[in-house]
Amino acid sequence: MEARAIQRTVRQSARKMRLVIDQIRGQAVPQAYAILRFSKKLAAKQIHKVLKSAVANAEQRAQRENVALDVDRLRVKYAVVNEGQTLKRFTPAAMGRATPIKKRTSHVEIHVEAQAPAPKALPAKAGAKAEAIAPPARAGAAAAGKTKSKRPKAKKAGAKSKKKKASR
């Protein structure tokens with residue numbers, strides 16, 4: 001079950017919003033809510049709205065398809081902030097000039113996905129468990145009998161200049 005929400009033309013630069021969105025990408029929804037709630041960034045408020053909308057969209061989709069959905073099992077699958085349209089304004093400057101002001105906007109997109117419940121592992125025999133834990137041996141290392149190869153040391157660049165000075 002996947003749902004998404006997009007908010008366009010948020011009046012904040014994408015660069016500032018990416019600092020917050022990077023923290024919630026891949027997190028579980030309850031944990032993402034906590035991160036956004038206690039963040040000091042102004043962008044966290046806008047991103048929280050989009051995440052809340054994505055979760056509501058997932059609930060509506062599950063209800064439409066008559067599928068049980070636990071909101072606490074959702075996770076943020078995809079979260080991105082792209083640049084939106086830049087509003088160009090001008091302010092007066094010295095000697096009759098005008099200085100441009102760029103008011104940047106951004107688009108926020110969040111996809112949430114229901115996590116599949118982890119399958120319970122069946123207890124295996126002790127011998128099979130030891131084989132699964134032991135790392136596989138490399139074919140080249142077993143045949144050569146060595147694990148590391150020695151490389152020749154590089155010559156120092158300053159060695160020649162010292163010899164020339166000593167001979168003078």
Side-chain angles (χ1 to χ4, degrees), residues 1-126 128-138 141 147-148:
M1 179 70 53
E2 185 176 333
R4 70 176 184 155
I6 301 173
Q7 185 179 13
R8 298 197 187 276
T9 61
V10 179
R11 270 292 296 123
Q12 192 164 18
S13 70
R15 185 175 179 180
K16 291 178 182 178
M17 295 192 82
R18 284 186 192 121
L19 295 172
V20 179
I21 205 109
D22 289 341
Q23 294 177 343
I24 66 163
R25 191 177 293 120
Q27 300 287 338
V29 168
Q31 189 174 2
Y33 278 145
I35 290 168
L36 294 173
R37 180 167 180 213
F38 295 109
S39 177
K40 293 181 180 180
K41 301 280 187 184
L42 189 65
K45 188 174 181 180
Q46 294 295 328
I47 293 169
H48 187 275
K49 285 182 183 180
V50 180
L51 180 61
K52 194 174 175 182
S53 178
V55 170
N57 291 344
E59 287 177 2
Q60 288 296 314
R61 185 170 179 189
Q63 188 177 6
R64 221 178 14 242
E65 295 177 1
N66 202 15
V67 178
L69 177 72
D70 185 14
V71 176
D72 294 335
R73 303 236 359 126
L74 290 174
R75 70 173 182 87
V76 179
K77 178 184 176 186
Y78 177 80
V80 69
V81 176
N82 295 318
E83 290 182 15
Q85 185 178 6
T86 302
L87 305 174
K88 294 170 179 85
R89 303 290 181 259
F90 292 92
T91 186
M95 294 184 279
R97 293 189 198 128
T99 304
I101 296 175
K102 293 181 180 179
K103 297 187 174 186
R104 300 186 186 272
T105 62
S106 53
H107 305 312
V108 183
E109 184 175 357
I110 296 178
H111 293 229
V112 292
E113 180 183 53
Q115 293 176 339
K120 294 182 180 178
L122 299 173
K125 294 181 181 178
K129 197 178 271 187
E131 290 175 8
I133 295 172
R138 293 188 304 173
T147 57
K148 290 186 178 180

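FYI, the numbering just counts along the sequence from 1. FYI, side chains are in, hydrogens and waters are out, and symmetry mates aren't considered; it's all heavy atoms of this structure.
- Listed for the Thr86 side chain is no donor-acceptor partner under 3.5 Å among the backbone atoms of Arg104.
- The two residues Ser53 and Ala5 come nearest to each other via the heavy atoms OG-CB, 3.7 Å.
- Legend: salt bridge (Lys or Arg N to Asp or Glu O under 4.0 Å) pairs involving residues 78-97, not counting sequence neighbours: none detected.
- Residues Ile24 and Leu36 are in side-chain contact: their nearest non-hydrogen atoms beyond the backbone lie under 4.5 Å apart.
- Side-chain contact between Asn57 and Arg4: absent, with no pair of heavy atoms (C-beta onward) separated by less than 4.5 Å.
- By the ring-ring contact (aromatic ring centres under 6.0 Å, His included) test, His107 pairs with no residue at all, sequence neighbours left out.
- Between the side chains of Gln46 and Gln12, not a single donor N or O lies within less than 3.5 Å of an accepting N or O.
- Across every non-hydrogen atom of Ala43 and Lys16, the tightest pair is CB-O, 4.3 Å.
- In this structure the side chain of Val108 never reaches within 4.5 angstrom of the side chain of Ile6, judged on heavy atoms.
- Proximity of Glu59 to Val71: side-chain heavy atoms (C-beta onward) are separated by under 4.5 Å at one or more points.
- Ring planes of Tyr33 and His48: tilted class, angle from 30 to 60°.
- Between Val29 and Arg75, every side-chain heavy-atom pair lies at or beyond the 4.5 Å cut-off.
- Tested against Ile47, the residues Ile35, Val10, Ile110 include a single side chain to side chain contact (heavy atoms under 4.5 Å, CB included) partner, Ile110.
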